[in-house]
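Labels below follow one simple rule: chain letters A, B, ... track the order of the sequence lines, proteins then strands, and each chain is numbered from 1. What you see is a predicted model; the values in this text were computed from it and never measured. Below, each value reflects all heavy atoms present in this structure, side chains not excepted, and no hydrogens, waters or symmetry copies.
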Amino acid sequence: MGGAALLMERVLSQWIGGETFLSQAFRLVLTIAFALVVLAVAAHILRIREFREAIALVLKRSGSEA
Amino acid sequence: MTSRILGLVRDQVLASMFGAGNAMDAFNVAFRIPNLVRDLFAEGALSAAFVPVFMRQLASGERTTAWRLGNNVINALLVVTGILVVAGMVLARPLVTAFAADYAAVPGKLELTIVLARIMLPFVTLAAIAAVLMGMLNSLHRFFVPALAPAMFNIATIVCALLLVPLMPRFGVPPITAIAIGALVGGLAQVVIQWPLLRQEGFAYRPLLDWKQDALRRVLLLMGPGTIGLAATQMNVFVNTVLATQEGTGAVSWLNYAFRLMYLPTGLFGVSIATATVPAVSRHAAQQNEGAVRSTLADGLSLMLVLNVPATVGLIVLSHPIVRVIFERRAFLPADTFATAAALQYYAVGLLGYSVVRIAAPTFYALGDSLTPVQVSAAAVLVNVVLNVALAGLLGYRGLALGTSIAALFNAAGLLWLLHRRLDGLDDRRILSSFSRIAIANRYGRGGAPHGTSALSMDWR
């Protein structure tokens, strides 16, 4: 995940140039989203069942707060 | 969570208006003085001691006695914190000088810190009363409005920043004074929002103060161990502030911005998992089922690992873009982004420690042992002070972040080790298996950060 985030951030810095807030925020959101997907895939391959449980728990709490 | 997000918005507004300059440094140091006392009366020992006693009074069916205790505690706080506030205002100069003697080197900085500290000192009384109201409402199963109270503080600060900051120069007052006034208004808002609901429940304020009331004495007695633990923590805050103020303009602010960013995942993941785990652990402990305590604890720790290891890696790798997107505008300059990102990388190292403590410490309480967490916390504070003094010499302000992180990990490791002994194991194989697999999933995480911001490769002193 860490490697994916680093790579994505560098690639996006070249692809999506610009130093405005919107372009920076867009790059950051895409990077985090990509890193999370890589983490989820890695967790699935490595059969880390706790990952799914933990995400469900956090989403449940966020949902109940909202 | 709403409060944490609003806290982040508040930080964004302050960063945009004041960056990490002398005014922001002065505000951060000035706010630490009322905070030292507030922790004792508001968020620390008092709340933990007051709520169980108040609930027992309610459970006995005598609301009048419970209201009497509420009035007694509120009035006792008015007297005690009132004396402290007046003493603090009179002794503001020596107090601030003890914290930030080096600020005298910058013309006007020490004086500004003193003025801000004097303005914000009454916040202690307001925060303490707000905490008692929150405790009373929670005991009455009213949760929504008390949960909004911390958010009110952030909203008031943001509104005052936007409305009053532009007006301050017209009165010949430094703009940062508006933020100090905002903090005070925020404290008042925390009280005002809760008061009507408590009146609905039947509470009426009475100016009575009966030091001989048994329940009040019980509250004071229960505050004992918490106060000792807190004294060690406050010593830690004091030493860290003194060291940070010696690191030049901006250091206090960079560390403050970075710490609050690091604490966001703890608030989201740590609290979510602790909220699910701690009641189950308490239930099994009450049934004296150590096997179930061990298993539930292992579940909670495994869940904590799979969320916090990626969060740590993410904060380290993406520290620079995160800080830049959130803070870098107007007065918050690119140099502040680099410096804050470097501090964030070092703080992120301790994220796991902060989260684990949220499960491990309450487990001791559930097992009927309130002394061990306090002792381990005091030992961690000692480690923190020693490390910070040593590392500040090597790494500057970043050494303070690293020392704090190592101390947090020490605190967590100490608690887990003692729990391991107490429970004859902790389902180690399962926890280690989760940790190793999630570490593999996060591999290359510490390979470096973009734009050459690797914490180890930069020297921002």
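Atom CZ of A/Phe26 has 12 or fewer heavy atoms from other residues, nucleotides or ligands within 6.0 Å. The neighbour count for A/Arg52 CZ, taken as heavy atoms of other residues, nucleotides or ligands under 6.0 Å away, does not exceed 12. Applying the 6.0 Å contact sphere to NE2 of B/His420 captures more than 12 heavy atoms from other residues, nucleotides or ligands.
Counting heavy atoms from C-beta on, the side chains of A/Glu9 and B/Pro321 come closer than 4.5 Å.
Rounded to the nearest 0.5 angstrom, A/Glu50 CD and B/Ser433 OG are separated by 7.0 Å. From B/Arg324, atom CZ reaches atom CD of A/Glu19 across 5.5 Å, with rounding to the nearest 0.5 Å.
Heavy-atom minimum distance, A/Ala54 versus B/Val306: CB-CG2, 3.7 Å.
The parts of A/Ile48 that come within reach of chain B are both its backbone and its side chain, each placing non-hydrogen atoms under 4.5 angstrom from that chain. A/Phe21 touches chain B through its side chain: at least one heavy atom from C-beta onward sits under 4.5 Å away, while N, CA, C and O do not.
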Got a list of side-chain donor-acceptor pairs under 3.5 Å for residues 349-360 of chain B, not counting sequence neighbours?
from	atom 1	to	atom 2	distance (Å)
B/Ser355	OG	B/Asn308	OD1	3.1
B/Ser355	OG	B/Asn308	ND2	3.3
B/Ser355	OG	B/Leu351	O	3.3

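Chain A forms the most heavy-atom pairs under 4.5 Å with one residue out of B/Ile326, B/Val325, B/Ile322, and that residue is B/Val325. Interface remark: of the candidates B/Leu305, B/Leu307, B/Leu303, B/Leu303 forms the most heavy-atom pairs closer than 4.5 Å to chain A.
Along residues 29-39 of chain A, the residues that come nearer than 4.5 angstrom to chain B, judged on non-hydrogen atoms, are A/Thr31, A/Ile32, A/Leu39 in order of number.
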